[in-house]
Amino acid sequence: MEPSHKDAETAAAAATVAAVDPRGASSSSGVVVQVREKKGPLRAAIPYMPFPVAVICLFLNTFVPGLGTFVSAFTVLCGARTDLPDRHVCCVFWLNIAAALIQILTAIVMVGWIMSIFWGMDMVILAISQGYKEQGIPQQL
């Protein structure tokens, strides 16, 4: 069986890279690239809570969809930080209430329940990352 034309091109390209860099690594090795996730307004409104509160919200969201998200909305009024610093506290509070209502109303078709569990997991992840930042421990996530 003869190799196809594309296989020959791929092999030639690999040989060129190997000739330029004998280790087989590209010339950009050692460059650090930072990736930032762009969040929508609902997801960015998830508050950074203390770890025990985030775990309670996850527990509530697991068994009663939307309840933990509803409780987390009130932590915004108590001073919890979010990824929406340019929005007013009341606006962020209502975004969290809207997310809770979406979870409650769509729980009938399981979408809201799954969304609610993932929302609770995000709360815990944000609480853990905030704990690392406060203690000055480098993140290894």
Side-chain angles (χ1 to χ4, degrees), residues 1 3-141:
M1 185 172 181
S4 69
H5 179 67
K6 291 204 180 247
D7 290 339
E9 285 179 358
T10 305
T16 304
V17 169
V20 172
D21 190 358
R23 296 174 309 201
S26 67
S27 62
S28 65
S29 63
V31 176
V32 177
V33 178
Q34 183 179 7
V35 178
R36 290 193 53 142
E37 179 182 6
K38 183 172 178 175
K39 298 178 181 179
L42 278 180
R43 187 119 184 270
I46 299 174
Y48 288 87
M49 300 175 280
F51 183 74
V53 177
V55 170
I56 290 169
C57 288
L58 170 61
F59 181 79
L60 291 173
N61 270 350
T62 302
F63 295 104
V64 183
L67 183 60
T69 307
F70 185 76
V71 169
S72 75
F74 289 96
T75 65
V76 173
L77 296 177
C78 295
R81 191 178 61 80
T82 65
D83 288 332
L84 294 172
D86 53 334
R87 299 240 179 142
H88 194 268
V89 173
C90 289
C91 180
V92 177
F93 169 77
W94 287 110
L95 283 171
N96 278 294
I97 295 294
L101 288 175
I102 290 169
Q103 292 168 5
I104 291 167
L105 295 175
T106 58
I108 299 166
V109 290
M110 297 295 289
V111 173
W113 194 11
I114 294 168
M115 178 185 174
S116 184
I117 292 170
F118 277 107
W119 220 258
M121 289 169 39
D122 280 342
M123 290 177 201
V124 172
I125 290 168
L126 288 174
I128 290 171
S129 70
Q130 183 63 21
Y132 280 122
K133 288 177 187 172
E134 286 175 356
Q135 296 171 3
I137 300 171
Q139 288 182 297
Q140 302 272 335
L141 298 178

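This is a predicted model, so every value here is computed, not measured.
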Here the pair of heavy atoms bringing V71 nearest to C57 is CG1-SG, 4.1 Å
Here the salt bridge (Lys or Arg N to Asp or Glu O under 4.0 Å) pairs for residues 118-130, sequence neighbours left out, are R43-D122
Between I102 and T106 the two heavy atoms that sit nearest each other are O-OG1, 2.6 Å
- Could you tell me whether the side chain of I46 reaches within less than 4.5 Å of the side chain of T82, counting heavy atoms only? no
Sorted by chain and number, sequence neighbours left out, ring-ring contact (aromatic ring centres under 6.0 Å, His included) with F63 holds for F59
Shortest non-hydrogen pair, I117 vs T62, comes out as CG1-CA, 4.0 Å
P47 and T75 have their tightest heavy-atom pair at CG-OG1, 3.4 Å
Shortest non-hydrogen pair, L42 vs L95, comes out as CD2-O, 3.2 Å
**Request:** Taking atom CZ of F93 as the centre, report whether more than 12 heavy atoms of other residues, nucleotides or ligands fall under 6.0 Å from it.
**Result:** yes
Could you tell me if T69 and N96 have a donor-acceptor pair between their side chains, going purely by distance under 3.5 Å? no
Rounding to 0.5 Å, atoms CG (L60) and OG (S116) come to a distance of 9.0 Å
Evaluate the side-chain proximity of Q103 to N61: yes if any heavy-atom separation is below 4.5 Å, no if none is. yes
* For the residue pair P41 and R87, establish whether any side-chain heavy-atom pair is separated by less than 4.5 Å. => yes
Heavy-atom nearest pair, Y48 first then D83, reads OH-OD1, 2.9 Å
Next on the checklist: Using side-chain heavy atoms (C-beta onward) and a distance below 4.5 Å, is M123 in contact with L58?
Outcome noted: no
(message) Are Q130 and R81 packed together at the side-chain level, in the sense that at least one heavy-atom pair is separated by less than 4.5 angstrom?
(response) yes
